[in-house]
2 protein chains.
Amino acid sequence: MTKSDRLAIAIRDAIRRGELISGVLYSAQELGERFGASRTPVREALLRLADANLVKIERNRGARVLGSDIHDVVEVGALRLLLEPAATRVATLRMGEADHARLHAALDRMRELSDEPDAMFAADRDFHDIILRASGNRRLADMVAGLRETVVLHGRTTVPAARAVAQVIAEHTAIATAIVAGDQAAAERAMRHHLATTTGLLIADDPSAGHDLAAWLEP
Amino acid sequence: MTKSDRLAIAIRDAIRRGELISGVLYSAQELGERFGASRTPVREALLRLADANLVKIERNRGARVLGSDIHDVVEVGALRLLLEPAATRVATLRMGEADHARLHAALDRMRELSDEPDAMFAADRDFHDIILRASGNRRLADMVAGLRETVVLHGRTTVPAARAVAQVIAEHTAIATAIVAGDQAAAERAMRHHLATTTGLLIADDPSAGHDLAAWLEP
DNA sequence: CGTCCCATAGTTGCATGCTACTGTTGCATG
DNA sequence: CATGCAACAGTAGCATGCAACTATGGGACG
């Protein structure tokens, strides 16, 4: 793995952890010193993060870390609601015992590590990723993974606080149960319900955002 | 606009035009000479194209241009069918007279320039882009634009040959008509039908691909 | 004649020098 | 005191130097 790749990941994670602050302008020089690299690989990483809408490069000024506002949450929520239920339906057909085992392993980690936000987040990510990869549509899986990355800036503080961990686990369990039972329609419904609930909580304080999201949901 | 940006576009277009050949390995030096730049901005462009799955960078070897196989066409077709009909439904609500005018302008260009594949392709792209942008979901619009880029390698030779231009124009006209009439359900249906037809033709010769795609379409 | 190994050409990936540009600060001027 | 301006510090963006790595081809050896 190249230094540029590592930097892209390191900077992304630093943004997620709040070490790099939304709205602040950072120079390539500064980031290079912080992460132990020269300007070139930093710049390469920043260009790729800019494509992913995580930073905005301002010519001769630096790279500004972008935060996600309520509208971003709606965009990502709408996209995930369009993509993931369908992917879950397809994946239900395609998943075998090995996939089921991996799904349950992720679920178990969620249960055991429910008091550690970072581990919880990772297990949640893995759970969804297992299903999306199993759908056979790699682009879809990559896209949703990217969407998640974009929004965790805002989401990370909101999700665990706003909702009982038990409920999150229950929703995931329902998804896994339907998948293992091979019930496509139920799996799709469970995933849609889960995403709608999560997104709904993230935008609960903004009625107009709720309205915007609803426009995407009517069949 | 920076040289790196221009190069990313230039290389992408060169791939589309077939100037850069799928499967062939190109060095940054060579591309730099061809497009009049040094290795650094070329490398930056290649990194971004690699993220978009247009090329694969092989360490100490060069960048290999990737072609799209039948499975890629299915992936992209499934994704567009999940995203664009819903976006069309939302956009129908949000588009005003100015948007309608732009839509008709793109349609007129398709009619007038129907014998020039490049212009036709551009007008087609614009038509879809106008609708997707109007949906208000910028990420969705960017994603679909990226998907189109990915697959045109294969699609460009196939689409115009496989289908009468008149039919393409008719399908787009139906979409535009429903949008202007404000009929959300009809617009969504027309877009879905258009995409299903197009994708279906692209994979017509491969029954198993048809089967894979169908799995994504059942409601 | 076949096989192994080493030298070599060619490449990336990273560091660094240089130029052009941008925002700012402090000063001079009305 | 307000306003315009000019010098300055800092930055991105590009070109180039350099080291490490890879595939390959030819020659030596069995």
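Chain naming here is simple, since letters A, B, ... match the order of the sequence lines and numbering starts at 1 in each.
A straight line from CD of A/E58 to P of D/dG10 spans 18 Å, rounded to a whole angstrom. Atom pair B/E44:CD and D/dG13:P shows a separation of 8 Å (rounding to whole Å applied). Atom CZ of A/R64 is separated from atom P of C/dT22 by 16 Å (rounded to the nearest Å). Whole-Å rounding puts the B/R59 CZ to D/dC21 C1' distance at 8 Å. The interatomic distance linking B/R6 (CZ) with D/dC14 (C1') rounds to 11 Å, in whole Å. The distance between atom CG of A/D5 and atom P of C/dT12, rounded to the nearest whole Å, is 15 Å. In this structure, A/Q29 places its CD atom 13 Å from C1' of C/dG17, rounding to the nearest Å. Across the protein-nucleic acid pair, B/E30 atom CD and C/dG10 atom C1' stand 12 Å apart, rounded to whole Å.
For D/dT11, one of the phosphate oxygens OP1 or OP2 lies less than 4.0 angstrom from a side-chain nitrogen or oxygen of A/S27. Contact annotation: A/R43 does not reach the phosphate of D/dT11 (side-chain N/O to OP1 or OP2, under 4.0 Å). Residue B/R39 places none of its side-chain N or O atoms closer than 4.0 Å to OP1 or OP2 of D/dG17. Within the structure, every side-chain polar atom (N or O) of A/T40 is placed at least 4.0 Å from both OP1 and OP2 of C/dC14. Taking 4.0 angstrom as the limit, B/K3 places a side-chain polar atom (N or O) nearer than this to OP1 or OP2 of D/dA15.
In summary, the side chains of A/D124 and A/H172 do present a donor paired with an acceptor at a separation below 3.5 Å, with no hydrogens or angles considered. For A/N53 and B/R138, the side-chain atoms include at least one donor-acceptor pair closer than 3.5 Å.
With DNA chain D read from its 5' end, the first of the two nearest nucleotides for B/A37 and A/G62 is the one closest to A/G62.
Remark: the A/T2 side chain and the C/dT12 base include no donor-acceptor N/O pair separated by less than 3.5 Å.
Picking from D/dA12, C/dA15, D/dA20 the nucleotide with the shortest atom distance to the side chain of B/N60 gives D/dA20. When distances are taken from the side chain of B/R61 to each of C/dA15, D/dT22, D/dA15, the shortest belongs to D/dT22. Which of C/dA15, D/dA12, D/dC14 sits closest to the side chain of A/A28 comes down to D/dA12.
With both pairing distances under 3.5 Å, C/dG13 is matched to D/dC18 as a Watson-Crick or G-U wobble pair. As the counterpart of D/dG30, C/dC1 is assigned, both hydrogen-bonding distances of the Watson-Crick or G-U wobble pattern falling under 3.5 Å.
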Checking A/R133 against A/D129 for the salt bridge (charged side-chain N to carboxylate O under 4.0 Å, His left out) test, could you report, in this order, the C-alpha distance in whole Å, the side-chain angles of both residues, the deciding distance, and whether it holds?
CA-CA 6 Å; A/R133 302 280 162 203; A/D129 212 52; 3.2 Å; yes
If you apply the rule side chain to side chain donor-acceptor pair (under 3.5 Å), what do you find for A/H104 with A/D108, and how did you get there?
CA-CA 6 Å; A/H104 278 128; A/D108 288 342; over 6 Å; no
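One finds no salt bridge joining B/E44 and B/R48 here, because no Lys/Arg side-chain nitrogen approaches an Asp/Glu carboxylate oxygen to under 4.0 Å.
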